[in-house]
Amino acid sequence: LRWANSWVFWRPWADVLIVFRVEWLPWWVAFGLLAFGVLAFLPRFAAYRRRNWEVVFIALASALIARFGAVELIRFFYNRPRPFEIIADLHRLVSHDRGGSFPSGHAAFFFALAAVVSRYYPKTSIVFFLAALNLSAARVQAGIHWPSDIVAGAVIGIIVGLLAHSIFVYSICLKSTIGQKLYMVI
C-alpha cells in the first residue's frame with residue numbers, strides 16, 4: 001500500500017491520472033455499457049438489439065445487487081477503517097467518508113459489470129475487466145482502500161455477476177420449456 005501510495009504527489013500529471021482513474025473512469029465504463037444499448041438502435045446493429053439490452057439490464061442489475069446488497073451486508077457486520085484513517089503519513093488525493101472500507105463497493109460494481117459482459121461478448125469484456133482493475137488499483141493508490149478490499153470486491157462482483165446471468169438464462173429456458181409444453185398440451 002505504501003509503495004502504491006508513494007506515487008501520489010510524485011508528479012502533478014501522475015496525480016491527475018490517479019484522480020481521473022478514481023473519479024472519472026467509473027463514469028466512462030458505465031457509459032461504455034450503455035453504449036451497447038444505444039448502438040442497438042443503429043440499423044447495422046439491429047440484429048443485436050435484444051441481446052445488447054439484455055447485457056445492459058443484467059449487468060446493471062447484478063452490479064447494483066453486488067454493490068448495495070452483498071457489499072452493504074458485509075459492511076453491516078464488519079466496518080473496516082480505511083487506510084487514511086490508520087496510516088498517518090498516507091497521501092490523500094481524494095476526499096472520502098470514514099469507515100466501510102471492506103469490501104470495495106466500486107470493485108464489486110464494476111467487476112460485476114465485466115462478468116456479465118464476459119458472458120455475452122468475451123473479447124469486449126477484456127476492456128471492462130481492465131477498466132475495473134485500473135479504477136480499483138487507483139483507489140488503492142489514492143489511499144481509499146486496502147488491496148484486500150479490492151480483491152474481496154472483485155470476487156463478490158464476479159460471483160454476483162455470473163450468478164445473475166445464470167439465473168436469468170435459467171429463467172428464460174424454464175419459461176420457454178413450460179411454454180412449449182403448455183402449447184403442446186393445448
Side-chain angles (χ1 to χ4, degrees), residues 1-33 58-119 121-165:
L1 178 67
R2 287 187 188 272
W3 178 83
N5 188 252
S6 69
W7 293 90
V8 175
F9 302 135
W10 173 64
R11 298 277 189 264
W13 61 267
D15 294 347
V16 169
L17 188 61
I18 293 169
V19 170
F20 171 80
R21 289 167 44 219
V22 169
E23 298 285 340
W24 294 101
L25 185 59
W27 291 101
W28 284 86
V29 173
F31 290 137
L33 178 70
I58 297 171
L60 285 177
S62 67
L64 290 171
I65 290 168
R67 170 60 183 95
F68 296 107
V71 168
E72 290 303 320
L73 182 66
I74 293 169
R75 286 182 181 176
F76 179 76
F77 293 107
Y78 180 63
N79 186 15
R80 182 181 193 177
R82 295 189 179 271
F84 63 82
E85 295 177 69
I86 294 179
I87 303 172
D89 61 337
L90 199 69
H91 305 296
R92 267 178 72 188
L93 281 176
V94 180
S95 63
H96 203 284
D97 295 336
R98 300 169 84 70
S101 180
F102 182 85
S104 169
H106 281 80
F109 187 91
F110 290 102
F111 276 99
L113 289 181
V116 172
V117 171
S118 74
R119 304 310 294 164
Y121 299 103
K123 291 180 183 176
T124 306
S125 71
I126 294 169
V127 174
F128 281 88
F129 276 115
L130 289 175
L133 184 63
N134 196 339
L135 69 90
S136 297
R139 297 183 72 76
V140 172
Q141 281 183 305
I144 298 172
H145 280 292
W146 303 97
S148 59
D149 300 343
I150 301 302
V151 171
V155 169
I156 289 168
I158 291 169
I159 289 172
V160 170
L162 294 178
L163 269 175
H165 174 263

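Only heavy atoms go into these numbers, but all of them, side chains included; no hydrogens, no water, no symmetry mates.
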Taking all non-hydrogen atoms of both residues, which atom of H106 and which atom of P26 are closest, and how far apart?
CD2-CG, 4.4 Å
Only one of I65, V116, L113 clears side chain to side chain contact (heavy atoms under 4.5 Å, CB included) with L60; which?
L113
Name the atoms and distances for all side-chain donor-acceptor pairs under 3.5 Å in residues 148-158, with sequence neighbours left out.
residue, atom, partner, partner atom, Å
S148, OG, R80, NH1, 2.8
S148, OG, R80, NH2, 3.3
D149, OD1, R80, NH1, 2.8
D149, OD2, S101, OG, 2.2
D149, OD2, H145, ND1, 3.2
D149, OD2, W146, N, 2.9

Which atom of S104 lies closest to which atom of A107, heavy atoms considered:
OG-N, 3.1 Å
Look only at the side chain of R75 and the backbone of P103, and say whether a donor-acceptor pair between them is shorter than 3.5 Å.
yes
Kindly give the heavy-atom pair with the smallest separation between A164 and S62, and that separation in Å.
CB-CB, 3.5 Å
Once rounded to the nearest 0.5 Å, what's the spacing between atom CZ of F110 and atom CZ of R67?
10.5 Å
Show me the donor-acceptor pairs within less than 3.5 Å that the side chains of residues 127-138 make with the rest of the protein, sequence neighbours left out.
residue, atom, partner, partner atom, Å
N134, OD1, R21, NE, 2.4
N134, OD1, R21, NH2, 3.3
S136, OG, A132, O, 2.7

A side-chain contact here means heavy atoms from C-beta on lying under 4.5 Å apart; do V71 and F102 qualify?
no
Kindly check if the number of other-residue, nucleotide or ligand heavy atoms within 6.0 Å of CZ (R119) is above 12?
no
